[in-house]
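Working notes, structure below.
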Amino acid sequence: MRVLTGIQPSGVLHLGNYFGSIRQMLRYQGENELFLFIANYHALTSLKDAQALRENTLDAAISFLSLGIDPDKSVFWLQSDVKEVLELYWILSAYTPMGLLERAHSYKDKVAKGISANHALFSYPVLMAADILLYDAEVVPVGKDQVQHVEITRDIAVKFNNDHKNALKIPTFKVDEKVAVVPGTDGAKMSKSYGNTINIFTTLKELKKQTGKIVTDSTPLEEPKEWENCNVYKLCELFMSDDELLELQERYKSGKEGYGHFKATLKDKIWDYFAPAREKREYYLAHKDEVRDILLEGAKKAKKIASAKMEEIREAVGVL
Ligand code: ADP
Ligand code: TRP
């Protein structure tokens with residue numbers, strides 16, 4: 001099964017990104033044919049600082065490689081290295097009714113937030129459709145906010161296929177309902193827009209600060225504490241085995257320790273959990289040329305499929 005997804009290079013990764021999305025990708029990598037790319041053309045709709053876009057793009061590649069994306073077990077590339085996607089984007093635009101894009105929540109939400117409406121923002125879903133349809137992707141794992149974009153992709157593909165018999169594979173989306181929402185330091189959904197994140201790649205000092213910010217109740221140190229609804233405990237669940245959690249529950253009940261102790265335990269767990277990834281990241285940061293080469297190698301694999309597909313599509317629509 002061909003699984004494809006794109007990631008926007010949007011800066012610092014946090015625990016929500018890892019447990020809500022990246023870990024699923026790593027599973028797909030073992031069990032399926034994983035196609036994963038960095039959506040830098042999409043990022044251009046919101047990021048106009050060239051240096052920042054360049055840096056974020058490379059940084060996203062470094063982070064994903066460090067966290068376990070293996071270029072030998074997946075196709076991992078940079079969207080802008082396979083230009084065929086832009087050709088397909090244009091062709092698909094001719095099969096995309098305006099109404100379909102006018103109904104897109106993501107566009108409406110961004111405009112409502114005051115982001116100025118440019119054409120790329122409006123036609124964002126068509127480029128996303130091209131990303132997916134160019135590679136005959138079967139399954140597209142996405143967060144809930146991206147479901148409508150995959151539905152739009154399906155609608156465009158059906159319209160195209162009405163004229164050009166089964167030229168395009170109709171993809172399905174997959175939202176992993178099992179994945180719990182990772183709480184942030186204030187207990188709300190962890191998100192960079194809420195300033196409540198605990199970041200994956202950070203210094204020990206910063207990690208201590210971020211875990212220190214986790215909101216708890218004010219039960220005094222010498223009283224037993226409730227672990228059931230505690231934000232510190234909820235985050236510990238992501239990192240601990242059942243036995244370790246039972247032990248932690250005992251510590252909550254004992255009335256001998258305060259939240260500061262549990263936060264310190266959590267901090268150590270997070271630090272150890274990402275130690276191998278941190279080491280790899282250090283390596284790639286010092287070998288950025290190697291990262292660029294990995295992306296170019298991935299693009300070669302992607303391009304092979306993309307150029308064959310484009311030949312079929314040009315033939316179908318009559319572009320010489
Ligand atoms: P942010 O909210 O910080 O801007 P993004 O929208 O860039 O995060 O999220 C990228 C991916 O990480 C999405 O697939 C999303 O579902 C997942 N994700 C982000 N935050 C969380 C969270 N708190 N819990 C679970 N998954 C999350
Ligand atoms: N729009 C997606 C996001 O913001 C990123 C993306 C671009 C994507 N192209 C894609 C996701 C194709 C899945 C398939 O998260």
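In listed order, ligands and their atoms are each counted from 1. On a predicted model such as this, the values are computed, not experimentally measured, just so you know.
- Protein residues having a heavy atom under 4.0 Å from any atom of ligand 1 are H14, G16, N17, G20, S21, G143, A180, V181, V182, K189, M190, S191, K192, listed by chain and number.
- Heavy atoms from other residues, nucleotides or ligands lying under 6.0 Å from NZ of K144 number 12 at most.
- Note: Y273 and F19 have tilted aromatic rings, judged against thresholds of 30 and 60 degrees for the angle between ring planes.
- Contacts of Q79 with ligand 2, taken as heavy-atom pairs under 4.0 Å, are absent altogether.
- In the hydrophobic clustering, V158 connects to I170, either directly or through intervening members, whenever side-chain heavy atoms lie under 4.5 Å apart.
- The part of I132 lying near ligand 2 is the side chain, judged by heavy-atom distances below 4.0 Å.
- Taking K108 as the reference, nothing meets the side chain to side chain contact (heavy atoms under 4.5 Å, CB included) condition, with sequence neighbours excluded.
- For D70, there are no side-chain hydrogen bond (donor to acceptor under 3.5 Å, both in side chains) partners two or more places apart in sequence or in a different chain.
- Those atoms of ligand 2 that come under 4.0 Å of a heavy atom in Y124, given as number and element, are 1 (N), 2 (C), 3 (C), 4 (O).
- Using a 4.0 Å cut-off between heavy atoms, F37 contacts ligand 2 through its side chain alone, with no backbone atom that close.
- Side-chain polar atoms of Y28 and E33 form no donor-acceptor pair below 3.5 angstrom.
- Ranked by closest heavy atom to atom 14 (C) of ligand 2, the top entry among V142, V140, I38, I7 is V140.
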